[in-house]
Undergrad: 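For reference, the structure I am asking about is given below.
The chains referred to below are lettered A, B, ... by the order of the sequence lines, with proteins before strands, and numbering in each begins at 1. Below, each value reflects all heavy atoms present in this structure, side chains not excepted, and no hydrogens, waters or symmetry copies.
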Protein chains: 2
Amino acid sequence: MPTPERTSTAAIIAAGRDILESDGLSGLTMQAVAARVGVRAPSLYKRVRDRDALIVGVVEAVIDDLSAELEGVERELASGGGDSAEGVLAALAATYRGFALAHPEGFRLMFTASAPLASLDRAAGPVRRASAAAVGEEDALDAARLVTAWMTGFLQMELGGAFRLGGDIDQAFDYGLRHLLRGLAR
Amino acid sequence: MPTPERTSTAAIIAAGRDILESDGLSGLTMQAVAARVGVRAPSLYKRVRDRDALIVGVVEAVIDDLSAELEGVERELASGGGDSAEGVLAALAATYRGFALAHPEGFRLMFTASAPLASLDRAAGPVRRASAAAVGEEDALDAARLVTAWMTGFLQMELGGAFRLGGDIDQAFDYGLRHLLRGLAR
DNA sequence: ACCTGAACACCGTTCAAGT
DNA sequence: ACCTGAACACCGTTCAAGT
């Protein structure tokens with residue numbers, strides 16, 4: 001006899017994201033997720049293969065959100081017109097940092113759990129296109145990797161508390177961005 | 001009646017590092033470490049508070065090794081003389097990358113598990129001093145953070161397979177280093 | 001003094017049985 | 001068709017009992 005579904009994959013992923021941010025990766029247990037969506041842990045296996053697959057789903061959702069934010073900035077600045085490629089890169093960097101500080105656990109997980117290639121590709125698009133505008137198509141990939149690697153490493157360090165030695169973090173971010181763009185200028 | 005010790009903290013940490021590199025963090029269990037040093041899991045609690053403390057000990061040992069390598073490069077180039085600050089930074093970056101590729105799990109853990117401040121401070125020394133020589137004392141900390149963040153992010157991405165989209169990774173590293181130094185040049 | 005078996009709590013996962 | 005209790009394997013951790 002058919003029974004109505006009591007939850008959904010989307011609800012499970014959403015619950016996973018909430019729990020991840022509040023309790024960290026170790027708190028992201030099948031039982032915690034099940035309790036939040038109102039079923040027992042074994043029922044989750046109807047929708048996700050195992051805990052690893054759930055984590056990948058969560059990471060994918062996080063990356064999609066980040067992509068949407070970056071694409072939004074890209075669109076705004078394009079429609080406004082008159083923005084230099086450097087200005088676009090600066091805006092993307094600020095957005096990237098804002099996202100990391102707003103979703104620290106999800107951001108860290110992006111580089112721990114292996115996300116689907118398509119997600120990463122989409123997220124890399126805006127910086128990649130702004131880099132092409134700044135340095136030309138030939139060096140675009142290398143330049144985008146330079147910018148992305150710096151942002152990623154900086155935020156990893158900021159979130160991990162590696163900047164405990166002092167100094168102004170906002171200023172360090174600004175210094176890094178300025179000198180990075182200077183190194184890329186043609 | 002006193003009994004001779006059958007293991008030591010040093011042996012436990014060393015076993016932890018081996019297991020970490022071969023089986024990853026999830027394989028680093030108390031039982032696996034105990035088996036490797038020849039005791040039962042409960043005996044480990046005589047020397048380490050819990051699994052988290054063991055992980056911190058492993059990370060500290062990894063950072064100390066990295067620090068020693070970086071200091072070795074610093075010493076060599078100083079005694080050789082005639083090396084520009086940029087040359088020293090390039091050599092340190094190559095050493096940093098070599099270490100990450102040789103000990104990928106340990107390297108990743110450096111930014112996941114929170115290491116003691118003193119360890120991080122020591123590891124940051126060589127890049128910090130080379131940066132001071134390159135850009136002057138006032139901007140040294142910001143410049144060192146720019147270089148370190150880029151290296152860290154780049155390697156995090158390389159190890160995590162975020163470069164699956166193609167392109168030559170060695171060339172991307174070289175491109176990044178060159179343009180970074182260009183951005184820092186006075 | 002150090003080591004161990006036994007025990008407990010907790011988690012991931014499977015599966016037969018319920019509706 | 002979906003959900004659940006029961007069960008199993010595995011892990012971290014504690015502790016009384018061994019030597």
Undergrad: Tell me the partner of C:dC11, counting only Watson-Crick (N1-N3 plus N6-O4 or O6-N4) or G-U wobble (N1-O2 and O6-N3) with both under 3.5 Å; none if nothing fits.
TA: none
Undergrad: Within the structure, does a side-chain N or O atom of A:Arg51 lie under 4.0 Å from either OP1 or OP2 of C:dG12?
TA: yes
Undergrad: What is the distance, rounded to the nearest whole Å, between atom OH of B:Tyr45 and atom P of D:dC11?
TA: 12 Å
Undergrad: Which nucleotide in the list C:dG12, C:dC3, D:dC3 gets nearest to the side chain of A:Gln31?
TA: C:dG12
Undergrad: Can you figure out which of D:dT4, C:dT4, D:dT13 approaches the side chain of A:Val39 most closely?
TA: D:dT4
Undergrad: Would you say CZ of B:Arg49 has more than 12 non-hydrogen atoms from neighbouring residues, nucleotides or ligands within 6.0 angstrom?
TA: no
Undergrad: Of the nucleotides D:dC3, C:dT13, D:dC15, which has the atom closest to the A:Ala41 side chain?
TA: C:dT13
Undergrad: When you get a sec, tell me which of D:dC15, D:dC11, C:dC11 is the closest nucleotide to the side chain of B:Thr29?
TA: D:dC11
Undergrad: Between B:Arg47 and C:dC3, is there a contact of a side-chain N or O with OP1 or OP2 at under 4.0 Å?
TA: yes
Undergrad: Taking CG from B:Leu54 and P from D:dG12, how many angstroms apart are they, rounded to a whole number?
TA: 10 Å
Undergrad: Just the rounded figure in Å: distance from C1' of C:dG12 to CE of A:Met30.
TA: 7 Å
Undergrad: Is the B:His103 ring parallel, tilted or perpendicular to the B:Phe99 ring (thresholds 30°, 60°)?
TA: tilted
Undergrad: Would you kindly give the NZ-to-P distance between A:Lys46 and C:dT14, to the nearest whole Å?
TA: 12 Å
Undergrad: Of the nucleotides C:dC11, C:dT4, C:dT14, which one has an atom closest to the side chain of B:Arg6?
TA: C:dT4
Undergrad: Determine, for A:Phe173 and A:Arg97, whether the Lys NZ or Arg CZ falls below 6.0 Å from the six-membered ring centre while staying within 45 degrees of the axis.
TA: yes
Undergrad: Taking only side-chain N and O atoms of B:Arg40, does any of them lie within less than 4.0 angstrom of OP1 or OP2 on C:dC3?
TA: no
Undergrad: Need one value for B:Ser43: base, sugar-phosphate or nothing, where a base atom within 4.0 Å counts as base even if backbone is also close, heavy atoms only.
TA: base
Undergrad: Between the side chains of B:Glu137 and B:Arg128, is the shortest nitrogen-to-carboxylate-oxygen separation below 4.0 Å, so that they form an ion pair?
TA: yes
Undergrad: Rounded to whole angstrom units, what separation is found between the CG atom of B:Asp52 and the C1' atom of D:dT13?
TA: 13 Å
Undergrad: Could you check which nucleotide pairs with C:dA1 in any of the strands shown, counting Watson-Crick or G-U wobble with both distances under 3.5 Å?
TA: D:dT19
Undergrad: Checking all strands, does A:Arg49 fall into the base, sugar-phosphate, or nothing category for heavy-atom contacts under 4.0 angstrom?
TA: nothing
Undergrad: What is the distance from CG of B:Leu44 to C1' of D:dT13, rounded to the nearest Å?
TA: 11 Å
Undergrad: As a test of reading the structure: which of D:dT4, D:dA1, C:dT4 is closest to the side chain of A:Thr3, going by heavy atoms?
TA: D:dA1
Undergrad: Heavy atoms under 4.0 Å, any strand shown: does B:Glu5 hit a base, just sugar-phosphate, or nothing?
TA: sugar-phosphate
Undergrad: Carefully, step by step, assess A:Asp139 and A:Arg186 under the rule salt bridge (charged side-chain N to carboxylate O under 4.0 Å, His left out).
TA: CA-CA 11 Å; A:Asp139 288 346; A:Arg186 285 193 272 201; over 6 Å; no
